[in-house]
Q: 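Handing you this structure, nothing more for now.
Reckoned from all heavy atoms, side chains included, excluding hydrogens, waters and symmetry mates. Residues take their numbers from the sequence shown, with the count starting at 1.
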Amino acid sequence: GSRSKAAISLRKSPDGTPSPGQPDEDARQFFLEESSRRGAKKIASLSYEERAKRAMLAEEAEDRMIRMYDDLEGLLGEDGMPARVEDREKVEQLARQIKAARQEYQALVSGE
């Protein structure tokens with residue numbers, strides 16, 4: 001079958017971070033830890049209230065990502081493509097939502 005442009009990849013992106021649809025738990029954890037580490041100095045300079053707010057929002061984004069990754073894993077076959085043709089749209093939608101949640105998380109923990 002042909003592969004769509006929005007096909008979910010099981011590989012890492014060129015910068016070494018997991019691709020949005022990657023169901024690898026170690027890669028997901030790496031993304032979370034590395035994002036937090038990179039923003040630590042900038043976050044430390046923020047007020048206590050702002051840090052607390054960002055921490056709560058980042059935790060919510062992280063929880064959403066985990067739920068979406070779990071949903072995504074249930075829809076993918078061994079080859080990283082949707083296991084059923086009728087799941088393709090849902091897989092693509094989840095990939096977009098995961099990407100948005102990752103960007104939100106990164107902005108929150110980077111101090112942007």
Side-chain angles (χ1 to χ4, degrees):
S2 69
R3 294 182 180 234
S4 90
K5 292 178 188 174
I8 305 306
S9 171
L10 293 178
R11 294 167 297 191
K12 291 188 178 187
S13 59
D15 66 357
T17 60
S19 63
Q22 183 172 349
D24 178 42
E25 197 167 325
D26 290 338
R28 291 190 307 242
Q29 190 63 35
F30 173 81
F31 166 77
L32 296 170
E33 291 173 3
E34 187 64 15
S35 296
S36 295
R37 185 189 65 75
R38 286 182 184 161
K41 283 184 181 181
K42 195 166 185 182
I43 292 293
S45 69
L46 299 175
S47 70
Y48 172 78
E49 292 81 10
E50 182 65 17
R51 288 193 315 260
K53 178 179 132 187
R54 284 173 177 266
M56 288 188 305
L57 292 172
E59 187 172 344
E60 289 174 12
E62 181 179 344
D63 290 345
R64 277 195 321 275
M65 277 189 289
I66 290 169
R67 283 192 306 275
M68 288 185 287
Y69 272 120
D70 289 345
D71 291 347
L72 182 64
E73 288 174 8
L75 297 173
L76 296 179
E78 291 291 319
D79 62 355
M81 298 298 292
R84 301 178 326 163
V85 173
E86 57 268 23
D87 291 335
R88 181 176 167 196
E89 189 174 318
K90 179 68 174 168
V91 167
E92 290 174 353
Q93 178 185 29
L94 280 169
R96 286 189 298 273
Q97 291 172 340
I98 289 168
K99 182 178 180 180
R102 286 169 55 101
Q103 290 169 340
E104 177 187 3
Y105 180 87
Q106 219 163 11
L108 288 165
V109 301
S110 70
E112 292 178 9

Q: Nearest 0.5 angstrom please: L94 CG to L75 CG, how far?
A: 6.5 Å
Q: How far apart are the closest heavy atoms of V109 and S36, and which atoms are they?
A: CG2-N, 3.8 Å
Q: Sequence neighbours left out, what passes side chain to side chain contact (heavy atoms under 4.5 Å, CB included) with E34? Give chain and number order.
A: F30, R37, R38
Q: Who passes salt bridge (charged side-chain N to carboxylate O under 4.0 Å, His left out) against E86, sequence neighbours left out?
A: R84
Q: Apply side chain to side chain contact (heavy atoms under 4.5 Å, CB included) to S47 and list each qualifying residue two or more places apart in sequence or on a separate chain.
A: E49, E50
Q: Could you tell me which residues satisfy side chain to side chain donor-acceptor pair (under 3.5 Å) with Q29, sequence neighbours excluded, listed by chain and number?
A: E33
Q: Run through the side-chain heavy atoms of Ile, Leu, Val, Met, Phe, Trp and Tyr, join any pair under 4.5 Å, and report what else lands in Y48's cluster.
A: none
Q: Tell me whether L108 is reachable from L32 by hopping between hydrophobic residues (I, L, V, M, F, W, Y) whose side-chain heavy atoms are closer than 4.5 Å.
A: no
Q: If you measure from CZ on R67 to CE on M65, what distance do you get to the nearest 0.5 Å?
A: 11.0 Å
Q: Please find the pair of heavy atoms, one from P82 and one from D87, that lie closest to each other, and give the distance.
A: CB-C, 4.3 Å
Q: List the residues meeting side chain to side chain contact (heavy atoms under 4.5 Å, CB included) with I66, not counting sequence neighbours, and say none if there are none.
A: E62, D70
Q: I43: which other cluster members, linking ILVMFWY side chains closer than 4.5 Å, directly or transitively?
A: L46
Q: Measuring from atom OG of S110 to atom CZ of R54, what distance do you get when rounded to the nearest 0.5 angstrom?
A: 7.0 Å
Q: Please identify each residue that fulfils side chain to side chain donor-acceptor pair (under 3.5 Å) with S35, with sequence neighbours left out.
A: none
Q: For E60, which residues count as a side chain to side chain contact (heavy atoms under 4.5 Å, CB included) partner, sequence neighbours excluded?
A: L57, R64
Q: Hey, what do you get for CG (D63) to CE (M68), rounding to the nearest 0.5 Å?
A: 10.5 Å
